[in-house]
*Asks:* 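I'd like to ask some things about the structure below.
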Amino acid sequence: MTSVGAHEQVFGSAMRAALAEADVAAAAGEVPIGAVVIDADGTIIGRGHNQRETTHNPLAHAEVVALQAAAAARKRWRLDDCTLVVTLEPCTMCAGAIAQARLQRLVFGAFDDKAGAVGSLWDVVRDPRLPHRPEVVSGVLSAECSAVLSTFFAAQRN
């Protein structure tokens with residue numbers, strides 16, 4: 001088993017890019033969740049942040065936006081040699097999209113005890129009934145990912 005520190009060395013820069021996307025979301029008044037898709041070489045091929053409020057689209061979660069950008073860049077929907085890096089544990093909709101995209105790996109920062117579908121409430125992506133199950137790496141830069149959300153929601157309450 002690989003330690004969290006080792007995962008942070010490998011995926012830390014991608015998570016920092018996802019955190020930058022979360023900052024873009026926050027600046028637009030969106031819940032600050034960001035995501036990037038990286039290829040096998042670690043190159044970012046898709047970026048996304050929450051855009052539900054600005055686009056009036058319930059599907060505009062950071063993960064879905066990043067997956068769409070990566071698929072467009074690749075000109076194919078199968079992203080089987082790619083990794084999605086996202087600041088918050090995906091919800092059921094996004095977990096389903098991850099499985100459908102055939103991603104090799106999912107990396108996320110903070111757990112979502114209210115809606116998480118990769119271990120917190122459900123474990124959609126690792127359900128043995130699905131034909132494709134990505135590797136899951138959790139807790140990468142979790143303190144930073146949690147802090148972004150806590151700061152945003154504290155400001156909303158004030």
*Asks:* I'd like to know if the side chain of N50 reaches the main chain of A25, judged simply by a donor and an acceptor atom lying under 3.5 Å from each other, with no hydrogens or angles considered.
*Replies:* no
*Asks:* Do the side chain of E21 and the main chain of R47 share a donor and acceptor less than 3.5 angstrom apart?
*Replies:* no
*Asks:* Is there a side-chain contact between D127 and V125 (heavy atoms, below 4.5 Å)?
*Replies:* no
*Asks:* Can you tell me how far the CG atom of L88 sits from the NZ atom of K114, to the nearest 0.5 Å?
*Replies:* 11.0 Å
*Asks:* Give me the atom names and distance for the closest heavy-atom approach of V31 to F152.
*Replies:* CA-CE2, 3.8 Å
*Asks:* Is any side-chain heavy atom of H61 less than 4.5 Å from a side-chain heavy atom of M93?
*Replies:* yes
*Asks:* Where the side chain of R126 meets the backbone of V118, is there a donor-acceptor pair that is under 3.5 Å apart?
*Replies:* yes
*Asks:* Should V148 and F11 be counted in the same cluster of Ile, Leu, Val, Met, Phe, Trp and Tyr side chains packed under 4.5 Å apart?
*Replies:* yes
*Asks:* Does the side chain of M15 come within less than 4.5 Å of T87's, by heavy atoms?
*Replies:* yes
*Asks:* Which pairs count as salt bridge (charged side-chain N to carboxylate O under 4.0 Å, His left out) when at least one residue sits in residues 86-98, sequence neighbours excluded?
*Replies:* none
*Asks:* Answer yes if L141 and I38 sit in the same cluster of Ile, Leu, Val, Met, Phe, Trp and Tyr residues linked by side chain heavy atoms under 4.5 Å apart, and no otherwise.
*Replies:* yes
*Asks:* Contact between R74 and D81 at the side-chain level, heavy atoms closer than 4.5 Å - yes or no?
*Replies:* yes
*Asks:* What's the spacing between E144 CD and L149 CG if we round to 0.5 Å?
*Replies:* 12.5 Å
*Asks:* Below 4.5 Å, heavy atoms only, C-beta onward: do R105 and V137 meet side chain to side chain?
*Replies:* yes
*Asks:* Looking at every heavy atom in both G109 and S142, which two are closest together, and how far apart are they?
*Replies:* O-CB, 3.4 Å
*Asks:* Between R102 (side chain) and Q100 (backbone), is there a donor-acceptor pair under 3.5 Å?
*Replies:* yes
*Asks:* Can you tell me if H132 uses its side chain to pair, donor with acceptor, with the backbone of L103 under 3.5 Å?
*Replies:* yes
*Asks:* What distance separates L106 CG from E135 CD, expressed to the nearest 0.5 Å?
*Replies:* 9.5 Å
*Asks:* Name the one of T43, L84, V85, V86 that satisfies side chain to side chain contact (heavy atoms under 4.5 Å, CB included) with V37?
*Replies:* L84
*Asks:* Which heavy atom of P90 sits nearest to which heavy atom of C94, and what is that distance?
*Replies:* CB-CB, 3.9 Å
*Asks:* Same cluster for I98 and V136 if Ile/Leu/Val/Met/Phe/Trp/Tyr side chains link at under 4.5 Å?
*Replies:* yes
*Asks:* Consider only side-chain heavy atoms of I, L, V, M, F, W and Y, link residues closer than 4.5 Å, and tell whether L67 and I33 are in one cluster.
*Replies:* yes
*Asks:* Do L19 and V24 belong together in a cluster built from hydrophobic side chains that touch within less than 4.5 Å?
*Replies:* no
*Asks:* Going from CG on D39 to CD1 on I45, what distance comes out if it is rounded to the nearest 0.5 angstrom?
*Replies:* 5.5 Å
*Asks:* Determine the minimum heavy-atom distance between P32 and A26, stating which atoms define it.
*Replies:* CB-CB, 3.8 Å
*Asks:* Can D80 and R78 be counted as an ion pair, charged N to O under 4.0 angstrom?
*Replies:* no
*Asks:* Provide the closest heavy-atom pair for A35 versus A62 in the form atom of the first, atom of the second, distance.
*Replies:* CB-O, 3.8 Å
*Asks:* For the backbone of A95 and the side chain of E63, can you confirm whether one donor and one acceptor N or O come within less than 3.5 Å of each other?
*Replies:* no
*Asks:* Looking at every heavy atom in both C91 and A117, which two are closest together, and how far apart are they?
*Replies:* C-CB, 3.5 Å
*Asks:* Residues two or more places apart in sequence or in another chain: which of them pass ring pair (Phe, Tyr, Trp, His ring centres under 6.0 Å) with F111?
*Replies:* F108
